[in-house]
Every structure is written in C-alpha cells, then in structure tokens.
Amino acid sequence: MHKAKSASLLFAPNQADAYISRSARFGQFQADGAVLNQQYRHALKLVSQGKAKALAEALLKLELEDREIVMGLLCAPAGSTPEEKKVVAQVIAQLVQPNKKTNEDTRFTQLYLLHALISDNHQDKALVRQLLNIAVSLPTSIALIERLEQTRKRYSMLELASKKTNFFRQAN
Amino acid sequence: MNRKDVPFGNPVVLEFYKGIIDIHYSQLKDAAQDAWPWVRMGDRDALAQLKASWHPELFESVVGVLNVAIERLRFCRLAVNKHQGGQLAGILNGLDNPAFDLVLTSLITQPNREHQQTLIQSLPALDNKKPIPGETLTRFQYALLNLTQYLTATPAGKKQLDKIAQVILEMPRSKPLADALNQLTAVTKETPEQHAFFQELLPKWQTTIHSRENAPYFALLSKAKGFLGREDLSGFARWFGNIKGYAAGILTDMICDPLYLTHQERLQAAQAITNLEEDEFDPQNSIRLYWVERLVLQDPQNKDLLQAVLQQVKAMPSSPDVIEALTWQSVQDEARSTESARHFYETAIEYHANRLQSQA
C-alpha cells in the first residue's frame with residue numbers, strides 16, 4: 001500500500017499536490033481513506049472473480065484521482081496476486097472507450113498504471129507480454145509518444161539516483 | 001565534456017519502453033507519409049477518408065506533424081535560397097521525426113538542384129550524436145543514407161555524389177564519424193551502387209587526414225606524438241597545459257582515439273594523466289577524469305591500456321566528486337557493454353569508496 005502511494009507521488013506530480021493538500025485536511029483525508037479502502041476492497045473482489053469489464057465500468061464512474069488510487073493499490077506488489085495482476089492489466093486496457101478521443105489525463109492514467117505494473121513485475125514474462133500488447137494497442141499520438149519517452153527517462157533517472165544514494169550510503 | 005543521458009534501470013523495463021516507442025513512432029511516421037501527398041495537393045476528400053478510417057488521436061497528431069513539416073519547409077526554402085547549409089542543418093536538427101523525415105524527403109526529391117546542394121552543405125552540421133527516436137540512425141546518417149540512395153538511383157546523380165564525398169572528406173576525423181560511416185557501409189549491402197559509394201569513401205576518408213580545416217589539429221597531434229614517442233611525459237603535460245578551451249578538447253579526443261595513436265603511444269598518454277594540470281578555476285570539470293573517460297570508452301576492450309589508466313586513477317585523491325564522475329562514466333553504453341570496462345569502473349569506484357571510508 002505504501003509503495004502505491006509513493007509511486008503515485010513519483011509519477012504523477014498533480015497527484016502529489018492533491019495528496020499534500022489532503023494531508024493538511026487530515027479529517028477529510030481519513031474519510032477519503034476509508035471510502036477508498038472500501039472501493040479498493042470491492043475492486044479486489046471483482047478482480048479475484050476475473051470480472052475485468054465490470055470493474056472497468058465501475059471505475060469509470062469514479063473521479064479520475066480516486067480511480068488512479070484504487071488501481072494504483074491493485075498494481076502494487078502486495079495489492080493483488082500475480083494471477084490477479086493479469087486481470088488488473090485487462091482493466092487498464094478497458095479504462096477508455098475504444099475509437100473515441102480520450103481525455104489526455106485518462107490516457108496518462110493508463111500509462112502510469114502500466115508503468116506501475118511493469119516496473120514491479122518485469123520478471124513475469126506473460127504479464128510483460130500482455131502489457132506490451134496493451135501499450136501497442138493504444139492509439140498512436142504525439143502526446144502518447146512524448147509521455148512514454150518522459151516516463152522512460154524519469155524511470156531511468158530515478159533508478160540511477162537510487163543506485164547512487166545506496167552507493168553513497170554504503171560508502172559513508 | 002558532455003555527460004551522455006544514458007538509460008539506467010531494469011533492461012526488461014527499458015526494452016519495454018523502447019519497443020513501444022519505436023512501434024508508435026513508426027505508425028505515426030507511416031500515417032504522416034500517407035497523408036502528406038494529399039495535404040500538399042490540398043485533396044480534402046482524400047483527407048476526409050483518412051480521418052474517417054483513423055483513430056481521432058492519431059489523425060490529430062498527423063495533422064500536427066504535417067503542419068510543422070509545411071511550416072519548416074518554408075524556412076528550409078529561405079535557407080536554400082541563401083545557400084546556408086548551417087542554417088538548414090539547424091532547422092533539420094530541431095525537427096522531431098517524422099516531420100524530419102517528410103522535410104528531408106521533400107528536399108532530396110525537389111527538382112530544383114539548389115535544395116540538394118544546400119542539403120549536402122548541411123551534412124557536417126547535422127546531429128551525429130544520438131539516434132533519431134524510433135530509428136537506429138542519427139540525423140546525419142539518415143540524411144546521408146537517403147541522399148545517396150536517391151542519387152545512386154538517379155541518372156544524373158553522379159556529380160552530386162562526388163560533392164557529397166568531398167564534403168565528407170573535409171569533415172574532422174573522429175570515432176563517432178568513423179562509426180557512422182562504417183555502419184552505413186554495412187546497412188547498404190543490399191543496394192550495390194550505394195554500398196560501393198561508401199566502400200570507396202571510407203578508406204579515402206581514413207587516409208586523407210590533412211584537410212584544410214583540420215590542419216592545425218593535426219599539427220598539434222603530431223607534436224603530441226613527438227612528446228609521447230620520446231616518453232617525455234612532464235614535457236608533454238607542460239605543453240598540453242598551454243592549449244586551452246575547444247582545441248584542448250578536440251586534441252584530447254584525437255590523442256585518446258585508436259584511429260590516430262598507436263597502442264604504445266596511448267599507453268604513454270595514460271601514464272601522462274597524473275602530470276596533467278587541472279584547471280584551478282574549474283576543479284569539478286576535471287581534465288584528468290576527462291582523459292580517463294576518453295581513453296577507456298574509446299577503446300574499452302584494450303586491457304593493457306585500461307590497466308595503465310587504472311594506476312593513474314588510483315593515484316588520484318579520493319573524493320565524492322571523483323566517485324561521482326567515475327559512476328557517470330560507468331553507466332555509459334560503451335562502459336556497460338564491455339566486461340573489461342565494467343570491471344575497470346567497478347574496481348576504480350570501489351577503491352575510492354573504500355579509501356574515502358577509511359579516511360572518514
């Protein structure tokens with residue numbers, strides 16, 4: 001769970017602002033947390049039953065921010081089992097309506113979730129193939145390509161920063 | 001002394017991104033090429049058909065690409081009218097693929113020869129540092145490949161090919177340029193006439209080293225070889241310390257490049273590292289560490305050389321700056337792809353980290 005929140009902070013700057021303002025209003029945060037926890041449990045139940053379409057439909061009724069948090073929790077290592085993650089990937093693919101111009105934020109949410117899955121589960125070959133197919137089937141656009149390049153670069157720099165931090169920690 | 005922006009992270013994740021970026025780039029490029037003739041002819045019906053058959057996000061992006069290409073072509077014409085090759089290169093370097101692809105094709109296939117002429121003049125200033133996203137070639141290689149492909153298939157193209165050869169022969173020698181030409185020689189194997197052009201060009205380029213523009217650098221190189229040949233390392237360091245700025249950078253690249261110096265001479269160059277004078281006003285931008293980078297990364301398989309450089313690196317005072325610089329060097333592609341280079345950096349970093357720890 002903690003991992004999902006930190007990933008959210010790292011990969012979605014707007015989300016980070018929202019999170020900070022929520023923390024300031026702690027009472028509201030607790031209330032939101034309880035609702036989100038309930039939504040996550042409901043989502044997990046649908047995932048464990050393999051009901052990707054039903055979950056996608058339910059998620060599309062939520063605010064984008066809440067949708068991202070619930071899905072972020074499902075994508076986190078402890079948020080669902082490896083088998084359930086394959087259903088989560090199907091949900092990601094169904095988070096937009098096909099052949100319709102999609103709001104850029106929604107498209108970016110899809111990419112953020114794909115990243116959350118691939119970065120923690122790259123050893124699962126079947127899941128990687130599934131995610132690759134989803135990413136390739138997204139409609140080509142300049143914004144999509146730019147976002148992919150940014151995410152790749154940011155991932156790379158964060159990995160380097162993490163390696164260097166560990167290195168200096170060991171050296172000192 | 002630029003530090004390259006190198007990818008770092010899990011290879012599966014990096015490959016995942018590279019794969020999908022390449023696929024989407026090539027889809028965008030193909031779509032833009034399909035729409036390009038209809039836009040230039042102003043055929044609204046054909047465009048309406050494309051719009052109906054494509055996803056709205058793709059269509060919007062293609063329109064964006066074509067608008068940029070049309071606008072930049074106008075600037076290109078201005079550069080062509082003034083025969084400004086450098087200006088044309090600036091415009092081409094600033095374009096994203098696939099707009100670059102469309103503009104380049106337009107310049108190459110224009111019936112007006114002025115376009116090709118200026119494009120040929122622009123070649124030395126085209127980017128040859130990193131591949132175009134979605135392609136394996138740099139802008140320089142891509143332009144050279146497409147130009148030569150078009151000209152070898154054109155009856156009157158021979159004269160233009162000679163002009164290209166002349167421009168290439170005048171370009172400063174460097175390993176990246178040698179690599180670029182070698183790669184083009186390899187990728188043109190299926191097209192015999194084009195392949196023959198590169199096969200003839202490469203040895204000429206390797207031997208014709210005294211071009212007008214590069215004569216001063218080769219004079220300096222010859223002097224450097226003199227010092228290193230006599231094993232006069234302190235004399236060499238004193239002499240090198242008087243060469244400043246851009247010339248010092250170019251000369252370092254040449255001295256460390258296996259293209260110009262023998263193995264023995266480069267071993268001497270490695271021994272000279274400790275004697276090199278650091279710039280007291282810019283200690284971060286260490287000259288010695290730049291020599292280390294060039295010597296290791298330009299010939300990472302050369303174990304003897306790496307061993308000689310390692311002795312010099314170990315002699316440097318340990319500091320977080322040294323460790324940081326070595327870490328940056330160690331994540332570059334050339335360093336990561338060769339076992340001996342990987343070992344070199346692991347050893348060097350570990351050595352300084354341990355020494356720093358014991359001093360703390």
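Proteins get letters first, then strands, A, B, ... in listed order; numbering begins at 1 in each.
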Next on the checklist: Please determine whether side-chain contact (heavy atoms from CB on, under 4.5 Å) holds for the pair B:E57 and A:L144, giving the CA-CA distance in whole Å, both sets of side-chain angles, and the decisive distance to 0.1 Å.
Outcome noted: CA-CA 9 Å; B:E57 286 168 54; A:L144 180 87; over 6 Å; no
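For the atom pair CG of A:L114 and CD1 of B:I20, the computed distance is 7.0 Å after rounding to the nearest 0.5 Å. The CD1 atom of A:I145 lies 9.0 Å from the CG atom of B:D96; values are rounded to the nearest 0.5 Å. Here B:D22 contributes atom CG and A:L148 contributes atom CG; the two are 11.0 Å apart, rounded to the nearest 0.5 Å.
The backbone N or O of B:N10 lies less than 3.5 Å from a partner atom in the side chain of A:Y155, making a donor-acceptor pair.
Identified by a heavy-atom distance below 4.5 Å to chain A, the contributing residues of residues 58-71 of chain B are B:L58, B:E60, B:S61, B:V65, in residue-number order. Using a 4.5 Å heavy-atom cut-off against chain B, the contacting residues of residues 121-134 of chain A are A:H122, A:V128, A:L131, A:L132.
Across A:P139 and B:H24, no two heavy atoms sit closer than the pair C-CE1, 4.4 Å. The shortest non-hydrogen separation linking B:V13 to A:I118 is CG2-O, 3.9 Å.
Atom CZ of B:R44 has 12 or fewer neighbouring heavy atoms from other residues, nucleotides or ligands inside a 6.0 Å radius. Shown here is A:K45, whose NZ atom has no more than 12 heavy atoms of other residues, nucleotides or ligands within 6.0 Å. By the neighbour-count criterion of 12 heavy atoms within 6.0 Å, atom CD of B:E339 is sparsely surrounded, having that number or fewer from other residues, nucleotides or ligands. A 6.0 Å sphere centred on CD of A:Q38 holds no more than 12 heavy atoms belonging to other residues, nucleotides or ligands.
Checked against side-chain hydrogen bond (donor to acceptor under 3.5 Å, both in side chains), A:T81 has the following partners two or more places apart in sequence or in another chain: A:E84. Under the ring-ring contact (aromatic ring centres under 6.0 Å, His included) criterion, B:F16 pairs with no residue at all, not counting sequence neighbours.
Evaluated for a side chain to side chain donor-acceptor pair (under 3.5 Å) with B:Y17, the options A:R152, A:E149, A:H115 yield exactly one hit, A:H115.
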